[in-house]
Enquirer: 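Have a look at the structure that comes next, please.
Proteins come first, then strands; the chains are lettered A, B, ... in the order of their sequence lines, and each starts at number 1.
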Amino acid sequence: MAVHDLATPAVAWYDANARDLPWRSPDATPWGVLVSEVMLQQTPVSRVLPAWLDWMARWPTPSDLAADAPGEAIRAWGRLGYPRRALRLHECAVAIVASHGGEVPADVDELLRLPGIGAYTARAVAAFAYRQRHPVVDTNVRRLVARAVAGLPDAGPTTTARDLVAVADLLPTEPELAARTSVAFMELGALVCTARSPRCTDCPLVAVCEFRRSGAALPAGPTRRPQRYAGTDRQVRGLILAVLRTSTGPVPRTAIDVVWPDADQRHRALTGLVADGLVREVGSDRFSLPG
DNA sequence: GAACCGTGGCT
DNA sequence: TAGCCAAGGTT
């Protein structure tokens, strides 16, 4: 149960301070919103912006993407990271054409059935593209609510069901206003109520924030386990995929061998990429992006 | 629930 | 500089 009204000050702040992002434009299509949400999964806005503009110019509708090769989606993904998202976005477009007449579904349960669309993204699309009232809970919102409502320095481990109920309680009844509140919470978490250095003096919720009221300080240490990258299979997969992205046709295994010294790890990474559908073996010992 | 899945900018 | 960090999803 919400003790304070967080929505009103958050929306007022958002109206005055929100970034002008193209997927928030009234002209943005549901497809544009969906593409932005997938690209923004774990990738910062600054890197998504140019990729989104290119992507939408090339594939303005799900049908356009579905008609192209999945490998082209992986290529256009560039260095946004987690390239399986590109493959899933392509599968998503195919499913939208096959099952939804080429239109992004507006129903959360139908969105959840699409590949690569989980609890957050499904509700984000329903709220931001279709202006529905849904709790949209990302890492920013979880942190904001943990602080402002629960008085904790940070959100604990994700407990999706509980998070959804807690955030739903904070939303106004009227759907359009609820959708604006959701994007306002996210923006506030991204720009003001940040993980390490929250700018409380600029926060519209400072008067009602329970963590602020407690007078406690943010713990110094890391809030989650560091994720090693150098030397992992993920790095090797990335190096291999970079070779395939930048070549027009299939490449021989020898072109892949040069990216990493350890043959065992190279093999594991390449096998994994093929298993994931990100790479295809064509002919003998030649590899390419999936056609 | 934990591990895995990329990448580059920032401190 | 090495580690932290960024609008998650899937297994």
Enquirer: Taking CH2 from A:W260 and C1' from B:dG6, how many angstroms apart are they, rounded to a whole number?
Expert: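 About 14 Å, once rounded to whole Å.
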Enquirer: Using a cut-off of under 3.5 Å, enumerate the N/O to N/O pairs linking the protein to nucleotides 8-11 of chain B.
Expert:
from  : atom 1 : to    : atom 2 : distance (Å)
B:dG8 : OP1    : A:R79 : NE     : 2.1
B:dG8 : OP2    : A:R79 : NH2    : 3.1

Enquirer: Base, sugar-phosphate alone, or nothing: which one does A:L241 contact when heavy atoms must sit under 4.0 Å apart?
Expert: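 The residue A:L241 makes no contact with any strand.
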Enquirer: Take the protein atom CZ of A:R143 and the nucleotide atom C1' of C:dA7, then report the distance between them rounded to whole Å.
Expert: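 A:R143 atom CZ is separated from C:dA7 atom C1' by 11 Å.
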Enquirer: When you compare B:dC5 with C:dA6, how far apart are their C1' atoms, in angstrom units rounded to a whole number?
Expert: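 One C1' to the other, the span is 15 Å.
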Enquirer: Show me the donor-acceptor pairs, under 3.5 Å and distance only, between side chains in residues 255-265 of chain A and residues at least two apart or in other chains.
Expert:
from   : atom 1 : to     : atom 2 : distance (Å)
A:D257 : OD1    : A:R266 : NE     : 3.3
A:D257 : OD1    : A:R266 : NH2    : 3.4
A:W260 : NE1    : A:Q265 : OE1    : 2.8
A:D262 : OD1    : A:D264 : N      : 2.8
A:D262 : OD1    : A:Q265 : N      : 3.0
A:Q265 : NE2    : A:G231 : O      : 2.9
A:Q265 : NE2    : A:D233 : OD1    : 3.0

Enquirer: Tell me what A:A119 touches on the nucleic acid: a base, only sugar-phosphate, or nothing, going by heavy atoms under 4.0 Å.
Expert: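 Since only primed, P, OP1 and OP2 atoms lie under 4.0 Å of A:A119, the category is sugar-phosphate.
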Enquirer: Grab the CZ-C1' distance between A:R88 and B:dC4 for me, whole Å please.
Expert: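 Atom CZ in A:R88 sits about 11 Å away from atom C1' in B:dC4.
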Enquirer: Does any donor atom in the side chain of A:R133 or A:S182 lie under 3.5 Å from an acceptor atom in the other side chain?
Expert: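 No.
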Enquirer: Atom CD1 of A:I240 to atom C1' of B:dC5: distance rounded to whole Å?
Expert: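 Those two atoms, CD1 and C1', are 14 Å apart.
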Enquirer: Is A:Y229 close enough to B:dT7 that one of its side-chain N or O atoms is under 4.0 Å from OP1 or OP2 there?
Expert: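 Yes, A:Y229 has a side-chain N/O under 4.0 Å of OP1/OP2 on B:dT7.
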Enquirer: Could you go through A:F128 and A:V136, starting from their C-alpha distance and side-chain angles, then the distance that decides it, and tell me whether this counts as side chain to side chain contact (heavy atoms under 4.5 Å, CB included)?
Expert: CA-CA 10 Å; A:F128 303 148; A:V136 180; 4.1 Å; yes
Enquirer: Under 4.0 Å between a Lys/Arg side-chain N and an Asp/Glu carboxylate O for A:E187 and A:R24?
Expert: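 A salt bridge links A:E187 with A:R24.
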Enquirer: Checking all strands, does A:R24 fall into the base, sugar-phosphate, or nothing category for heavy-atom contacts under 4.0 angstrom?
Expert: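 Touches a base.
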Enquirer: Please state whether the phosphate of C:dC5, meaning OP1 or OP2, lies under 4.0 angstrom from any side-chain nitrogen or oxygen of A:R196.
Expert: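 A:R196 to C:dC5 OP1/OP2: side-chain N or O found under 4.0 Å.
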Enquirer: What residues, two or more places apart in sequence or in another chain, satisfy side-chain contact (heavy atoms from CB on, under 4.5 Å) together with A:A122?
Expert: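 For A:A122, the residues satisfying side-chain contact (heavy atoms from CB on, under 4.5 Å) (neighbours in sequence not counted) are A:V108, A:L111, A:L112, A:I117.
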Enquirer: Hey, does A:P157 reach any base, or is it just sugar-phosphate, or nothing, if we go heavy atoms under 4.0 Å?
Expert: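 Counting heavy atoms under 4.0 Å across all strands, no contact is made by A:P157.
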Enquirer: Which is more 5' along DNA chain B, the nucleotide nearest A:R237 or the one nearest A:T158? Just name the residue.
Expert: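 Result: A:T158.
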Enquirer: Say we look at C:dA7 and B:dA3: how far apart would their P atoms be, to the nearest angstrom?
Expert: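 Result for the P pair: 22 Å, nearest Å.
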Enquirer: If you take any heavy atom closer than 4.0 Å to DNA chain C, which residues from residues 6-23 of chain A end up in contact?
Expert: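 Here the set is A:R19, A:L21, A:W23.
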Enquirer: Could you tell me how far B:dG6 sits from C:dT11 if I compare only their P atoms? Round to whole Å.
Expert: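 Nearest-Å result for C:dT11 against B:dG6 at atom P: 14 Å.
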Enquirer: Does A:Q41 have a side-chain nitrogen or oxygen under 4.0 Å from the phosphate oxygens OP1 or OP2 of C:dA7?
Expert: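 A:Q41 to C:dA7 OP1/OP2: no side-chain N or O under 4.0 Å.
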Enquirer: What does A:G81 touch in the nucleic acid at a heavy-atom separation under 4.0 angstrom: a base, only the sugar-phosphate, or nothing?
Expert: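 The residue A:G81 makes base contact.
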Enquirer: For A:L87 and C:dT10, give me the distance from atom CG to atom P, rounded to whole Å.
Expert: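 It is 13 Å, rounded to the nearest whole Å.
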Enquirer: When the distance from CE of A:M39 to C1' of B:dT7 is rounded to whole Å, what number comes out?
Expert: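 Whole-Å distance recorded here is 14 Å.
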Enquirer: For A:G189 and A:G116, find the nucleotide of DNA chain C closest to each by heavy atoms; which residue's nucleotide sits nearer the 5' end?
Expert: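 The answer here is A:G189.
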Enquirer: Does the pair A:R286/A:E281 count as a salt bridge with the N-to-O cut at 4.0 Å?
Expert: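 Result for this pair is no, no salt bridge flagged.
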Enquirer: Any salt bridge (Lys or Arg N to Asp or Glu O under 4.0 Å) pairs touching residues 37-57 of chain A, not counting sequence neighbours?
Expert: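 Listed by first then second residue: nothing to list.
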Enquirer: Any link between A:L152 and A:V192 through a network of hydrophobic side chains (Ile, Leu, Val, Met, Phe, Trp, Tyr) touching at under 4.5 Å?
Expert: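 No; A:V192 is not reachable from A:L152 via cluster members.
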Enquirer: What is the distance from OH of A:Y82 to C1' of B:dC5, rounded to the nearest Å?
Expert: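 Rounded to whole Å, this separation is 5 Å.
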Enquirer: State whether A:T43 places a side-chain N or O below 4.0 Å from either non-bridging phosphate oxygen (OP1 or OP2) of C:dA7.
Expert: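 No, no such contact exists.
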Enquirer: If you link I, L, V, M, F, W and Y whenever their side-chain heavy atoms are under 4.5 Å apart, who else ends up in the same group as A:V94?
Expert: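 Joined to A:V94, directly or through intermediates: none.
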Enquirer: If I take atom CZ in residue A:R84 and atom P in nucleotide C:dG8, what distance separates them, rounded to the nearest angstrom?
Expert: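 It works out to 16 Å between those atoms.
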Enquirer: Start with the C-alpha distance between A:I74 and A:H90, add both sets of side-chain angles, then the distance that settles side chain to side chain contact (heavy atoms under 4.5 Å, CB included), and finish with yes or no.
Expert: CA-CA 9 Å; A:I74 296 168; A:H90 184 273; over 6 Å; no
Enquirer: Using a strict threshold of under 4.0 Å (side-chain N to carboxylate O), is an ion pair present between A:D154 and A:R142?
Expert: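 Salt bridge absent between A:R142 and A:D154.
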